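Working notes for the structure below.
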Amino acid sequence: MTSSTCPYPFNRNSPFEPAAEFTRLRLEEPVTQVILPSGEPGWVVSRYQDVATVLEDSRFGRADLMKPDAPTYSGVQPPPVVAASMAAMDPPEHSRVRSMVNREFTARRVELMRPVIQRYADQIVADMASRTPPADLSEQLSFDLPVKVISELLGVPPVDRDKFGRWSRTAAQLDRDPGEILAAAQALYEYMNGLVADKRKNLGADLLSALIAQHGEDHMTDVELVIMGLTMLLTGYATTSVVLTSCLATLLAIPARWEELQKNPSLVADAAEEALRLNPPGNGGMMRITRQEVELGGVVIPRGVIVMAALDSANRDPARFPAPDSYDPRRSENAHLSFGRGIHYCLGAALARAEIQIAVETLLRRLPTLRLAVRPEDLEFNAHSLEGGVRSLPVTW
Ligand code: HEM
């Protein structure tokens with residue numbers, strides 16, 4: 001087996017298709033060496049089964065990536081908030097924090113949030129409908145809805161939501177200037193500190209309050225609560241915005257897909273799931289570091305190197321999904337990896353699913369003639385962002 005030293009992430013020509021290189025790699029070099037944007041070597045895993053192994057197997061970790069001498073993906077060390085978050089932990093630290101959050105961030109809490117998500121979606125779409133088309137659906141809906149929902153989840157008081165939304169958007173690197181990003185991240189950190197202190201005095205019905213109120217042998221410290229709030233914001237916000245835009249692009253790209261949902265709204269949940277399979281988050285995949293030498297797919301990966309689990313390749317693996325490049329909301333089984341696998345499986349998956357479904361249902365109902373304002377081939381992939389996705393989504397109605 002040969003190993004290549006291609007620059008990573010691979011070029012892709014369309015926001016709707018993963019890099020063509022993955023088709024070759026899955027067949028010929030399912031575990032291969034690449035050059036990361038930092039200039040350092042890394043490994044990419046492209047078959048569904050191997051990607052699942054990287055995400056599930058404890059020989060691939062996260063915590064070692066936060067050490068000062070660790071290899072980096074882009075040449076920049078992770079900021080302290082990221083380094084302290086559950087996403088950067090291995091067991092047993094991860095198990096402790098995650099189980100405390102799991103106890104409160106339940107399916108029932110998400111169900112209770114559905115009417116609130118619906119109210120926000122109605123407001124945003126009504127506001128959009130009151131203006132003259134075209135509009136950028138990514139700007140109007142995909143950036144606005146997730147931050148409103150996370151504010152509600154964490155119990156940010158309505159009077160603070162605008163500034164919280166502004167800081168979040170900048171800190172999630174949806175705007176560019178590094179100085180601004182840092183200032184916004186600092187403002188959010190201070191705000192979250194104040195929010196936790198306020199909630200301690202005055203508990204509400206939100207997730208932060210529920211975590212503060214946890215009793216028993218173990219509980220979260222104030223610092224852990226602040227980090228947890230920021231983690232949800234930083235990991236959940238940009239991802240949901242970008243993936244929601246890409247899912248809407250997939251559903252609107254072919255008018256017959258959207259018309260089918262108009263006729264049969266009960267198909268929305270399965271259509272959203274299929275759009276998620278075709279549009280996993282991240283431009284390159286999920287990152288791990290080998291905690292020891294590992295043999296995978298017949299290749300020995302050394303200890304202490306970055307391994308990218310390529311979700312977009314795994315979700316198109318013909319060994320796992322028949323006709324993997326086709327959009328088929330009626331797949332009998334759709335175990336895609338867009339929310340990950342194993343111990344770091346997305347904490348906000350149920351919430352993100354609810355947001356995508358509600359966004360689609362609301363658009364179908366309130367703007368029955370919604371369609372793309374450009375040709376699908378004119379939509380641009382956001383190749384320079386870690387998040388990837390469609391740069392903008394012009395629509396008309
Ligand atoms: C469509 C939207 C979303 C997608 C596709 C998505 C995807 C993912 C993926 C793939 C992972 C695993 C990362 C890894 O294995 O390295 C993850 C983890 C995580 N997600 Fe999401 N996510 C979404 C929305 C959200 C939302 C709305 C929240 C919070 C409210 C959230 C919070 C988190 C957290 C905290 C983790 C880390 C969990 C851990 O390390 O145990 N995500 N997400």
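All of these numbers come straight from a predicted model, not from anything done at the bench. Only heavy atoms go into these numbers, but all of them, side chains included; no hydrogens, no water, no symmetry mates. All ligand and atom numbering here is 1-based and tracks the order in the structure.
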Nearest non-hydrogen protein atom to atom 38 (C) of ligand 1, with distance, is Arg98 NH1, 3.3 Å
For atom 12 (C) of ligand 1, grab the closest protein heavy atom and report residue, atom and distance to one decimal in Å. His344 O, 3.3 Å
Which class fits the ring pair Phe339 and His336: parallel under 30°, tilted 30 to 60°, perpendicular over 60°? tilted
If hydrogens are left out, which of Leu351, Thr235, Leu207 has an atom nearest to atom 33 (C) of ligand 1, that is, the closest non-hydrogen atom? Thr235
Answer with yes or no whether His94 contacts ligand 1, where contact means a heavy atom under 4.0 Å from a ligand atom. yes
Please write down residue, atom name and distance for the protein heavy atom closest to atom 13 (C) of ligand 1. Met286 SD, 3.5 Å
Ring geometry between Phe164 and Tyr191 (parallel below 30°, tilted from 30 to 60°, perpendicular above 60°): tilted
Using atom types as modelled and distance alone, determine if a side-chain donor or acceptor of Arg277 lies under 3.5 Å from a backbone N or O of Leu337. no
Say whether Val149 and ligand 1 are in contact under the criterion: heavy-atom distance to a ligand atom below 4.0 Å. no
Is the NZ or CZ atom of Arg320 both under 6.0 Å from the centre of the six-membered ring of Tyr48 and within 45° of that ring's axis? yes
Using the side-chain hydrogen bond (donor to acceptor under 3.5 Å, both in side chains) rule, take Glu40 and Tyr73 through it: C-alpha gap first, then chi angles, then the decisive distance, then the call. CA-CA 8 Å; Glu40 299 180 64; Tyr73 181 78; over 6 Å; no
Do me a favour and list the nearest non-hydrogen protein atom to atom 24 (C) of ligand 1 with residue, atom name and distance? Thr240 OG1, 3.3 Å
For atom 1 (C) of ligand 1, which candidate among Leu234, Leu244, Val243, Leu347 holds the nearest heavy atom? Val243
Atom pair CD (Glu274) and CG (Leu251), whose distance is rounded to the nearest 0.5 Å: 9.5 Å
What is the nearest protein non-hydrogen atom to atom 26 (C) of ligand 1, stated with its residue, atom name and distance? Gly236 CA, 3.5 Å
Joint cluster assignment, Leu364 & Leu145, ILVMFWY side-chain distance < 4.5 Å: yes
Any idea which protein heavy atom is nearest atom 16 (O) of ligand 1, and the distance to it? Arg288 NH1, 2.8 Å
Check this for me: does any side-chain nitrogen of one of Lys199 and Asp206 sit under 4.0 Å from a carboxylate oxygen of the other? yes
Any nitrogen or oxygen of Ser338 lying under 3.5 Å from a nitrogen or oxygen in ligand 1? Just yes or no. no
Among all protein heavy atoms, pick the one closest to atom 42 (N) of ligand 1 and tell me residue, atom and distance. Cys346 SG, 3.0 Å
